[in-house]
Amino acid sequence: LAAAEELARAPLGQTRVTVLLTGSEESGLWGVRHFLEKEEMEYCEALFLNVDNVGGGTLRFSSSEGMLSPVPILPEIKAFLTALPAGPTGEKIPVAPYTWCLTDASPLIFMGWQATSLIALDERGMPLHWHRQSDAVDNLEPANLERATAALVAAARRWDEVSGPA
């Protein structure tokens, strides 16, 4: 939400930003599925940046998603993400596979839409504290949240520059 607030304070020139809070991911991706049923034609050419588990761990944009047969994101989206400038701390967010579980971006990626997830993972490739008692506000890493916000805002601003009206 911090990225949405920043983009509301300094809006993009030609790109509309929609914040979608889907819910029901782990019970079958019902939130994003419902969205697709209702809004498919309106958003079929949009860029979807799913934010998932960014409170701690190493940030990355997913280059593919899925467990048994990972599906890659579109090559042009991978190139777009790879070309993003480094953040305020000088680090670039890598673009790498995420093969642990599905995210709300997964159905969009499987459909060939312009989508990826920004996710933070531990050394095993799993979200840090995921479904454990340690998954608590006290274990959020503020610097990670700031890096995630900066990455999302940078991606939105760059998309606005290169994609034209949307």
Side-chain angles (χ1 to χ4, degrees), residues 1-4 6-8 10-23 25 29-55 57-121 125-127 144-166:
L1 291 177
E6 187 170 328
L7 291 168
L12 301 175
Q14 41 189 2
T15 303
R16 179 180 66 178
V17 174
T18 301
V19 176
L20 175 65
L21 306 173
T22 56
E25 170 202 4
L29 300 161
W30 291 108
V32 73
R33 289 169 57 184
H34 179 76
F35 169 77
L36 288 171
E37 288 171 12
K38 300 292 182 195
E39 305 292 342
E40 180 175 355
M41 296 313 296
E42 170 101 17
Y43 290 94
C44 63
E45 294 184 22
L47 172 64
F48 286 85
L49 299 173
N50 178 55
V51 182
D52 203 331
N53 291 289
V54 297
T58 303
L59 288 169
R60 68 171 66 185
F61 286 107
S62 64
S63 62
S64 61
E65 294 191 13
M67 293 187 291
L68 298 176
S69 297
V71 175
I73 65 174
L74 294 174
E76 57 269 27
I77 299 305
K78 184 175 182 180
F80 169 79
L81 296 168
T82 302
L84 288 174
T89 60
E91 74 176 319
K92 285 185 67 87
I93 305 293
V95 182
Y98 175 60
T99 57
W100 188 254
C101 283
L102 299 178
T103 74
D104 281 314
S106 298
L108 303 164
I109 294 168
F110 299 164
M111 292 170 58
W113 285 23
Q114 301 173 131
T116 188
S117 291
L118 178 62
I119 191 163
L121 305 175
M126 291 179 55
N144 233 47
L145 298 174
E146 291 170 12
R147 283 191 300 274
T149 298
L152 292 166
V153 170
R157 294 207 184 288
R158 183 69 183 135
W159 186 257
D160 187 57
E161 292 171 6
V162 301
S163 70

Distance-minimising heavy-atom pair for [X] and [Y]:
X	Y	result
L102	G66	CD2-CA, 4.0 Å
A2	T149	CB-OG1, 3.7 Å
N144	A120	ND2-CB, 3.7 Å
S63	K78	CB-CE, 4.3 Å
A4	V19	CB-CG2, 3.5 Å
G125	W100	O-CB, 3.9 Å

Evaluate the side-chain proximity of [Y] to [X]: yes if any heavy-atom separation is below 4.5 Å, no if none is.
X	Y	value
C44	W113	yes
S64	V71	no
P127	Y98	yes
R157	T15	no
V153	L7	yes
L49	L118	no
L12	W159	no
L74	Q114	yes

Any residue meeting side chain to side chain donor-acceptor pair (under 3.5 Å) with S62, in chain and number order, not counting sequence neighbours: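 Checked S62 against side chain to side chain donor-acceptor pair (under 3.5 Å); matches are E65, T116.
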
T18: side chain to side chain donor-acceptor pair (under 3.5 Å) partners, not counting sequence neighbours: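 Expected list: Y43.
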
Once you round to the nearest 0.5 Å, how far does [atom1] of [X] lie from [atom2] of [Y]?
X	Y	atom1	atom2	value
S163	L47	OG	CG	8.0 Å
T99	L68	OG1	CG	10.0 Å
I119	N50	CD1	CG	8.0 Å
L1	L145	CG	CG	11.5 Å
D104	D52	CG	CG	7.0 Å
I73	F48	CD1	CZ	14.5 Å

P97 backbone acceptor or donor facing R60 side chain under 3.5 Å: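 Yes.
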
Side-chain donor or acceptor of K92 paired with backbone N/O of L84 under 3.5 Å: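 At least one qualifying donor-acceptor pair exists.
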
Partner set under salt bridge (charged side-chain N to carboxylate O under 4.0 Å, His left out) for R147, not counting sequence neighbours: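 Residues passing salt bridge (charged side-chain N to carboxylate O under 4.0 Å, His left out) with R147: E91.
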
